[in-house]
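What follows is a set of notes on a single structure, which appears directly below.
Note on naming: letters A, B, ... go to the chains in the order of the sequence lines (proteins, then strands), and numbering restarts at 1 for each one. FYI, side chains are in, hydrogens and waters are out, and symmetry mates aren't considered; it's all heavy atoms of this structure. What you are looking at is a predicted structure, and each value in this text was computed from that prediction instead of being measured.
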Amino acid sequence: MRVIVPIKQIRDPRGVKADPRRQQVTLEEAELVINPTDRNALEEALVLKDKLGAKVTVISIGGPEVEDSIREAWACGADEGILLSDELLAKADFRGAALALAKAIQKLGDFDLIIAGAMAADTCQGQLGPRLAAALDIPCVNDVYRILEVSGGKARVIRGWDEKFLEVEVELPAVLCIAPGANVPRLPHGARIMNSYQWEMPVWKASDLGLSEEDLRPGVEERGLSFPPERVRGRVSRGSPEDLARELVSFLRERHLI
Amino acid sequence: MDFTLSEEHQMFRSMFRDFAQKEVAPLAQTTDHEEKPPLEILKKMAEQGFLGATFPEKYGGSELDNLGYCFLMEEMAGACMSTALTLHVHLGLAGNTILREGTEAQKEKYLPDMAEGTKLGAFALTEPEAGSDAAAIRTVAVKKGDEYILTGNKLWVTNAGIADIFIVFAKTDPQAGARGISAFIVEKSFPGFKVGRRERLLGLRGVVCNPIYLEECRVPAENLLGQEGEGFKIAMRALDYARLGTAAMCLGLAEAALREGSRYATERSQFGGPIALKQAIQNYVAESAIKIEALRHLVEYTAWLADKGERFTKEAAMAKAFGGEIVRWVADRMLQVHGGYGYMREYTIERIYRDARALSIIEGTTEIQRFIVASDIFSGYGLKIKP
Ligand SMILES: Cc1cc2nc3c(=O)[nH]c(=O)nc-3n(C[C@H](O)[C@H](O)[C@H](O)COP(=O)(O)OP(=O)(O)OC[C@H]3O[C@@H](n4cnc5c(N)ncnc54)[C@H](O)[C@@H]3O)c2cc1C
């Protein structure tokens, strides 16, 4: 059984500084970390490794610095890691990244599951999993909270659905997008950290994946960043329930909300 | 010169930090207030590979070097000093001493269990009449057939109430002074081994510290650590390495104090604004940060010396002396920043203040560290000084 976990290296959101007055975001001081939800995805894959002996392959896209994150995933227990890296890939947008990952996964051969994080904490787009499924023409289950069972070419999972939970079954191979906080990801183990730089990491270029500049040309153009408007302070009202209800209704009416 | 850390060190450090924040810090106040030994955390530490971190892989470790060990201690102490010291005595003092001095058979017998956490370690040197003057211990070990019979009392044995494996120092030749001391690996289950009542401490309230009584305790001869008469050297070597770890704990605890104080200063308002705007407060914060940064460099430099296999006795003593003093200084000033709230048990700084006090006593007092530094200096002039 082979499980593939695409991971993204991001700037730790806790270290990102925002200055609304100057309309400036400082990223550089924040540490480079594995996207938190990708850690949740990796954890699900590692549980399958512990339970069913799945082989866990981690793939990521980015510059040489991304190697550290792949090695960290290895130290957590992944069996192998591949870095997709060159100038063409560096320019790719969501579509290009999903395409490159899909090509890399096809190049790897057979697989049973792709377990991805439902969302990256930096861009919050949640596009990768579904795009990957589309590119590979396999089913995708989003917002997965728990993997109940993987057997007989199927997976049973619990996913979020309209503020409820829903148990669904999906045929393999499939993409599962793990919800943020679905589990408590393990930390890398000391003995593995010690050896995490001892193995050769394959680095694949766009040309290794049969992708041209044309294939990876971004479809989205970034025009700049702006801050959301500052939030207006709320208003606290006190009084009897009847008065409060009346006040609330007239407040909502004033704003044409009801 | 290059201050860059290796990738492995960076990964270790961020793993230690994550673990400290997620698993250790949330339990620190209960560990202290309820005087509970941090056994649950130790179990998790075992899973994470901390309890034998410095051992080779074949004994269940990850071959963490001295610098890595300092990171471990710094992060744990920053979250909970009681937990950090419990780990330090188990691994840094007991485990590493067996690793450094033990025979292959002794290492195979004890280290894997210690790494798994099924057996915890302790280090018993101090006695009622022999603290700083460790060579004056009175516990004796008499060889009878293939056993040693140990008789004597040990005081302030950290972890005694929860440990299974004790490094015990006793005199095999009571007439020979320091050269008559030998080291033994003593198991709790050996006949004649007793653990006394737990001591009540000012701080470090999660630490289980008891006296132990050796009443004709029978220790198999194969449990002699090193050779007869080498015990004092073994103890001093163990303390050199341990002091480095303790200096790193001072660093972590001082950093935690500074974090508490700085945050409080920005949140507390008096005279119409945060007290952080007052120069007196700024000076406390700045001076603390300066001392902490100086300590960090001393600790990391000493670890670097140790990892290169060079002599580091003097530097470890300096780091331990300096660390023990600045952590008290910083804790005191940061408590001052908290005003009356700092004196309340609900506030972390109150615990840090109490915990910090022990660090210039354990593993050799500040005065003894200064003696070590001075004796090293004067030996360069051909003068041998005595404590
Ligand atoms: C919480 C805690 C945990 C401990 N854990 C352990 C443990 O696990 N194992 C263990 O073996 N011990 C342990 N100890 C004991 C500790 O190592 C001793 O307390 C320490 O070495 C000092 O010895 P003492 O208390 O007998 O003080 P003393 O040696 O009696 O010293 C009293 C004072 O005199 C000063 N002094 C002594 N000699 C000189 C000198 N030559 N020059 C100048 N000043 C001097 C000292 O610095 C000190 O200020 C622990 C102690 C504490 C408080």
Proximity breakdown for B:Glu47 and chain A, heavy-atom pairs closer than 4.5 Å: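 For B:Glu47, backbone heavy atoms alone lie under 4.5 Å from chain A.
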Checking side-chain polar atoms at under 3.5 Å, does B:Glu57 have a donor or acceptor matched by the opposite partner on A:Asn195? yes
With a sphere of 6.0 Å drawn around [atom1] of [X], does it hold more than 12 non-hydrogen atoms of other residues, nucleotides or ligands?
X	atom1	value
A:Arg146	CZ	no
B:Glu267	CD	yes
A:Lys205	NZ	no
A:Glu65	CD	yes
B:Gln282	CD	yes
B:Glu40	CD	no
A:Trp161	CH2	no

Taking the side chain as every heavy atom from C-beta outward, state whether B:Glu8 and A:Gln198 have any atom pair closer than 4.5 Å.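 Side-chain contact under 4.5 Å: yes.
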Side-chain contact test, heavy atoms from C-beta onward, threshold under 4.5 Å: evaluate it for B:Met11 versus A:Arg71 and give yes or no. yes
Measure across [X] and [Y] and return the closest heavy-atom pair with its distance rounded to 0.1 Å.
X	Y	result
A:Met194	B:Glu63	CE-O, 3.9 Å
A:Leu187	B:Gln48	O-NE2, 3.3 Å
A:Ala191	B:Gly61	CB-O, 3.7 Å

Is there a donor-acceptor contact under 3.5 Å from the side chain of B:Glu7 to the main chain of A:Tyr197? no
Interatomic distance, A:Glu72 atom CD to B:Ser14 atom OG [nearest 0.5 angstrom]: 5.0 Å
Could you give the distance from CZ (B:Phe50) to NE2 (A:His189), rounded to the nearest 0.5 Å? 9.0 Å
